[in-house]
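These notes concern the structure reproduced below.
Heavy-atom basis, side chains included; hydrogens, waters and symmetry copies ignored.
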Amino acid sequence: MALDLKKILIPGNCYVSPYAIGIPILDYGYSCASHFYCPNTTSSVVQSLPQICTAGASCVADRLATDFCSPQGPYEPQVCPPGNYCPTYLEKYECPSGSWCPTGTVSPRTCPPLSTCNAGSVVPSYYGGLIFCVIVDALLAVAYYIVKCSNSKRERNRGLPKMVRTLTQRGLDAAVSPEAAFDSSGVDADEAGDTRQREMSALPATILGSRQALSEKDQTSTVVGTEEDDKKVVLKKADSAPELTGFMNGFLGALEGKQNVFIDFRFEDLGLCLKNGKSILKGVTGEIRSKRLTAIMGPSGCGKTTFMSVLMGKVARTSGKLFINGVEGEMQNYKKIIGYVPQEDIMLRELTVRENIYHSARVRLPKSWTNAQVSTYVDDVLEVLNLAHIPDTLIGSESERGISGGQRKRVNIGMELAGVPIALFLDEPTSGLDSTAALKVAEILRRIASLSLTVVSVIHQPRYEIFQQFNDLLMLAPGGRTAYIGPTVHVVEYYKELGFYFDTHANPADILMDILSGKGVNEKARKLTPDDLVDTWVSFGKKWVDGRIAKLGDGVEGGTAPHTDEERESSHSDLEMIVKKRGSSTLRQALLCHNRYLVQQYRRVSSLVLEVGVAILAGALMGIAVSSADGYLYKGVLVAPYAALTPSTVEWLIPQLGLLVGMACGLAGAPAGVKVFAEEQTVYWREAANGHNKFSYFLGKAVASIYRFLISSLHFAALFVFLGQPSSSFDFIYLTMLLQFWSVYGLAMVISMVVRREDSALLAVVVCLFAAVFCGYGPTIKAGRNMGIEFIYAMSYNRWATEAWFSRELSVFADVYNVTASAERYGYVLNKEEVNLGYSFVIGFVLRGAAFILMVLLNRDKQK
């Protein structure tokens, strides 16, 4: 249709001046595009063709403030204003209640559930997130209370039967013989017996040999008598340690019914030489047998722990051979049936005594065992270690009250006994304990060794009674060389044979340490240095000890004769079968680690509350920061031909929010993400060395940590959506925040694997802030592409989350603003929200994969 512009563009059509004329818009004739409002345009009035007028001063001010101004002429088009909808270009209605109408609305949008939309609403006021938070918080609080009450009730129920059994047994004993229950001083009979035994062993003039003779004499006088007397003696021995019955039955069950299973070690010329040529261990030869408690002694720095590490395969030896039951092999092949108790009490301090031991048992015992069987066996272990009265007591830490140091040592041992080891190695199990607690540990080890276990312990300056508990002794001189290996009962006589003086009022163990350090007193006026002691052992000592054993025995009642080749061969094949059946499945171990971490979080509920509190604060601050925008998180350039009517744009707000939200998620999530693994690396090293499945450990903890940021991101998103009122739906915002936390946790896990625990939290926050910067706000992705660093943006999880959010917000205005131009200015790609969020998930997943690889590859020597 031909138009006569002279009749259309006449003075007076623009308000700025009576002489001003407008610029005609010819694209739609006498009408406007959809989403725009032209109420005075009609083909019956020639001059009513839509036209753009020069803006007046007030209009310029409004547009500079990013607002639309009123039409500057009767025929100037205007975008359908927010809070209204325009079904045609001639009609405009207020947005009804229950609907919301952003800029350029043609038909009202239905208000989503759990939100309010008053008449004229621009965006919905969504409160559903707050309701979800209240419900989740209430459920968690109720669950916490129920679990806490349940635990208290279980503790009371578990303690009651034991108390009843104890009182009943004492009553029966008193009924039979009052002296059987209590002695004249009112002390428990068992305790009094222990006291008498210790008093006997502490006689000043007594050394190991004389104590053995006294013991044998006492036994001889007891055994002589009638057949009925013999039965009573046997019954007495069985009743002397009733807690061993269940423990032994558990052992037999875990050994698949094999009663003659053992591990004997024989080593020849074991040596360890460092790369710099320094020799740490040299020429250690000897044998460690089952059913015997063996001590490793020597001055500090002589290689005691190194010898144990080399023997166990934790450190690769540079020379020598190791024979297991007569067959040359390596200990790594039997790690599932070998226990190692480190010097430090490595355990989870948030767990109770029983929980620590139960987890070790459930992971390491045969797959076929039911939970009830495992639970029963754990109770037996607690009885053996005298921990049955504190099963539900927390381990505690330096800042939280828990069990005593001696009890913690026994828990340390119990975690290994829980796996039914056939050989048990301990690194200074009495260090840090008082003499009484240390003796108790030594006595327990002696009893355990009597059950056909091979028990080896590094010991440092033991008191005399503790020294007497050991059957065999390996003494290492400085430089890691053998100065003695053989029965403990003959060691004093051996060094007396070399001329050394032993004061009858002194502790023989202390004198032996002086001799190894070159400070012993020699009555033959011979100056025997540590080097001389090593040479003397090789040339004379071994033969002398073998002769004494042949003449007087090895210090164990009845003797412990070496196993025959047939017994060793049979045991060796049985061991291989037992190893194959040990350990829970990968999935069960993952579930156990998952549940254990949930218990840890329950015990550290204050940490979760703090994390959620930080998320609430961050979400509230982000929401308040944009609340003044009244829901207008984006304003772009109007589509053609109405671009000249565009006020100042607000294209930067969403990318800026992406930056700030990314930083907030990093601040809220990174410190907690670091703690998932950094707080218990030593526990992981210990469990990995014991044969635990590394992937199961990581998977269980990684999955259990998800619940934390599910809750944190929910509170973050709820507060932000309620206060900030974005156009995007709550579920989309929540998913975006959730994936932000998902990736933050993954990145924090990686950081925790490569730096010290003390530094990991700070570094994780810094790295997360660095990742948040590359979201496309500044420098933009487009600028990064020109600089050749676009790959950095591709690795930033925040870039993909921000791009998805930018695209979703702009999709509301796709027919109103030139959203494509806005996206191109920042380098974003529109309409691929699912792909963007998928990339965020993949980045978080890859980060977890990297964390797992680092966990396995780093500190490998500590995982052996």
Side-chain angles (χ1 to χ4, degrees), residues 126 128-141 143-144 594 597-598 600-625 657-679 701-724 726 730-752 760-761 764-765 767-769 771-772 797-798 801-802 805 837 840-841 843-845 847-848 851:
Y126 187 82
L130 299 179
I131 294 178
F132 292 145
C133 289
V134 171
I135 293 174
V136 170
D137 292 345
L139 290 175
L140 288 175
Y144 179 82
H594 168 276
Y597 188 56
L598 290 183
Q600 290 179 257
Q601 294 185 74
Y602 159 73
R603 301 268 164 71
R604 295 188 307 212
V605 66
S606 59
S607 174
L608 176 61
V609 171
L610 178 61
E611 182 182 351
V612 172
V614 172
I616 290 173
L617 180 61
L621 291 176
M622 294 297 101
I624 292 172
L657 271 177
L659 170 64
L660 296 177
V661 168
M663 289 181 171
C665 290
L667 290 171
V674 162
K675 292 182 179 180
V676 176
F677 292 103
E679 294 289 318
K701 295 209 64 177
V703 171
S705 67
I706 293 176
Y707 310 129
R708 291 182 68 98
F709 59 81
L710 277 172
I711 299 171
S712 300
S713 54
L714 174 65
H715 288 75
F716 188 107
L719 268 294
F720 173 76
V721 171
F722 180 74
L723 297 174
F730 170 76
D731 55 350
F732 178 82
I733 295 294
Y734 175 48
L735 181 60
T736 303
M737 302 298 180
L738 178 62
L739 290 174
Q740 289 266 52
F741 275 92
W742 160 263
S743 298
V744 165
Y745 264 68
L747 186 56
M749 290 176 186
V750 172
I751 299 299
S752 68
S760 55
V765 169
V767 174
C768 287
L769 295 180
Y797 56 85
N798 197 33
T802 303
W805 191 8
L837 296 180
S840 291
F841 174 81
I843 289 174
F845 186 82
L847 287 171
R848 282 165 173 76

Should the ring pair Phe132 and Phe730 be called parallel, tilted or perpendicular, given that the plane angle runs from 0 to 90° and is split at 30 and 60?
-> tilted
Only counting residues at least two apart or in another chain, list the ones meeting side chain to side chain donor-acceptor pair (under 3.5 Å) with Arg708.
-> Gln601, Ser607, Glu611
Gly666 to Val765 - nearest heavy-atom pair and separation = O-CG2, 4.2 Å
Supply the atom-to-atom distance Leu659 CG to Thr802 OG1, rounded to the nearest 0.5 angstrom.
-> 8.0 Å
What one should report as the nearest heavy-atom pair of Ile751 and Ala764 is CG2-N, 3.9 Å
Any donor-acceptor pair under 3.5 Å linking the side chain of Trp742 with the backbone of Phe841?
-> yes
Just do the side chain to side chain contact (heavy atoms under 4.5 Å, CB included) check on Leu608 and Tyr144 with the steps written out, would you?
-> CA-CA 12 Å; Leu608 176 61; Tyr144 179 82; over 6 Å; no
From Phe741 atom CZ to Cys768 atom SG, the distance as rounded to the nearest 0.5 Å | 10.5 Å
Between Tyr734 (side chain) and Leu710 (backbone), is there a donor-acceptor pair under 3.5 Å?
-> yes
For the residue pair Tyr707 and His594, categorise the inter-ring angle as parallel (less than 30°), tilted (30 to 60°) or perpendicular (more than 60°).
-> perpendicular
Test side-chain contact (heavy atoms from CB on, under 4.5 Å), reference Leu738, set Ser713, Cys665, Ser743, output is Ser713
Reported CG-to-CG distance for the pair Leu714 and Leu130, which is rounded to 0.5 angstrom = 9.5 Å
CG of Leu847 to CE of Met749: how many Å apart, nearest 0.5 Å?
-> 10.0 Å
When every non-hydrogen atom of Phe716 is compared with those of Ala664, the smallest separation belongs to CE1-CB, 3.8 Å
Check for a donor-acceptor pair, side chain of Lys701 on one end and backbone N or O of Phe677 on the other, with a separation under 3.5 Å.
-> no
Rounded to the nearest 0.5 Å, how far apart are CD of Glu679 and CD of Gln600?
-> 9.5 Å
N/O donor-acceptor pair under 3.5 Å between Ser712 side chain and Phe709 backbone | no
Where do Pro671 and Ala761 come nearest, in terms of heavy atoms and distance?
-> CA-CB, 4.5 Å
Rounded to the nearest 0.5 Å, how far apart are CZ of Arg603 and CG of Leu598?
-> 12.0 Å
